[in-house]
Amino acid sequence: LNAGDKNHAAEIIVQRFASRLGALAASKMSQRMQQQRSPEDVIQSVWATFFRRLDNGQLEIRDWDSLWGLLAQITVWRICRHAERQRAARRNSERETPLLDSTEAFNRDPSADDLLIADEQCTR
């Protein structure tokens, strides 16, 4: 990075840390969160943040260890931010109820209420 070949440096950084970041994200994300957003999505966001801040001169990287620490910190922050957003009242996944199994919904006869509603809809 300091030598000025940012594209080559970016490739090396991504190759060196992508799998570690993916494992970190997967270990910090609940199964429910991973259903809404994959660890790979989180890592893409981490890379975007990291390279944007790097281009803006907001980061000082001393060595590989400090770079890993920074990337890990951005990853955890990103996961926490996503979790906070999902816990907001309008998005709270705890309030979600699972749909019936698709075969279960079609393997029953219509109830009297179902027939009444269907009849009402057809006569309108």
Side-chain angles (χ1 to χ4, degrees):
L1 287 170
N2 294 333
D5 189 357
K6 289 187 179 186
N7 289 334
H8 182 65
E11 288 176 23
I12 292 171
I13 291 169
V14 170
Q15 287 173 354
R16 185 167 190 156
F17 293 110
S19 63
R20 284 175 68 185
L21 286 175
L24 174 65
S27 73
K28 298 291 183 187
M29 296 172 71
S30 68
Q31 287 290 66
R32 178 168 246 153
M33 185 184 292
Q34 288 186 37
Q35 290 173 347
Q36 297 167 347
R37 189 170 192 189
S38 72
E40 292 80 16
D41 291 338
V42 171
I43 300 309
Q44 288 298 320
S45 179
V46 169
W47 290 129
T49 298
F50 170 73
F51 287 115
R52 182 182 63 250
R53 291 178 66 191
L54 185 66
D55 286 343
N56 291 338
Q58 296 173 319
L59 302 176
E60 181 181 322
I61 301 167
R62 296 180 309 276
D63 54 24
W64 288 114
D65 289 335
S66 69
L67 177 54
W68 166 247
L70 175 65
L71 292 171
Q73 187 175 36
I74 294 171
T75 301
V76 171
W77 284 344
R78 183 70 61 209
I79 292 168
C80 290
R81 196 165 136 210
H82 180 66
E84 287 171 7
R85 203 172 324 139
Q86 291 307 314
R87 280 192 301 264
R90 68 183 183 283
R91 294 186 178 150
N92 191 342
S93 60
E94 299 298 321
R95 293 176 32 199
E96 294 176 2
T97 57
L99 295 174
L100 294 174
D101 179 13
S102 60
T103 58
E104 189 178 314
F106 295 107
N107 286 341
R108 67 174 180 85
D109 290 329
S111 68
D113 288 339
D114 292 336
L115 292 173
L116 184 61
I117 292 169
D119 186 52
E120 236 178 70
Q121 293 296 320
C122 290
T123 57
R124 285 186 182 178

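Values in this document were obtained by computation on a predicted structure and should not be read as measured data.
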Distance (rounded to the nearest 0.5 Å) between [X] [atom1] and [Y] [atom2]:
{"X": "K6", "Y": "F51", "atom1": "NZ", "atom2": "CZ", "value": "10.5 Å"}
{"X": "S66", "Y": "Q73", "atom1": "OG", "atom2": "CD", "value": "11.5 Å"}
{"X": "H8", "Y": "I13", "atom1": "NE2", "atom2": "CD1", "value": "10.5 Å"}
{"X": "L24", "Y": "S19", "atom1": "CG", "atom2": "OG", "value": "11.5 Å"}
{"X": "Q15", "Y": "I12", "atom1": "CD", "atom2": "CD1", "value": "7.0 Å"}
{"X": "L70", "Y": "R53", "atom1": "CG", "atom2": "CZ", "value": "6.5 Å"}

Does [X] reach the side chain of [Y], with side-chain heavy atoms less than 4.5 Å apart?
{"X": "D41", "Y": "S45", "result": "no"}
{"X": "I79", "Y": "M33", "result": "yes"}
{"X": "K28", "Y": "T75", "result": "no"}
{"X": "V14", "Y": "F50", "result": "no"}
{"X": "R78", "Y": "T49", "result": "yes"}

Please give me the minimum heavy-atom distance between [X] and [Y], naming the atom from each residue.
{"X": "G22", "Y": "P39", "result": "O-CB, 4.1 Å"}
{"X": "M29", "Y": "R37", "result": "CE-O, 3.0 Å"}
{"X": "L21", "Y": "A72", "result": "CD2-N, 4.1 Å"}

- Task: Give a yes or no on whether the backbone of A26 and the side-chain of Q34 come within a donor-acceptor separation of less than 3.5 Å.
- Result: yes
- Item | D63 side chain to D65 backbone, donor-acceptor under 3.5 Å | yes
- Message: I'd like to know if W77 and L54 are part of one continuous hydrophobic network [Ile/Leu/Val/Met/Phe/Trp/Tyr, side-chain heavy atoms within less than 4.5 Å].
- Response: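 In one cluster: no.
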- Task: Count the heavy atoms of every other residue, nucleotide or ligand shown that sit under 6.0 Å from CD of Q58, and state whether that count exceeds 12.
- Result: yes
- Specify whether F17 and W64 have parallel, tilted or perpendicular ring planes, treating 30° as the upper limit for parallel and 60° as the lower limit for perpendicular. tilted
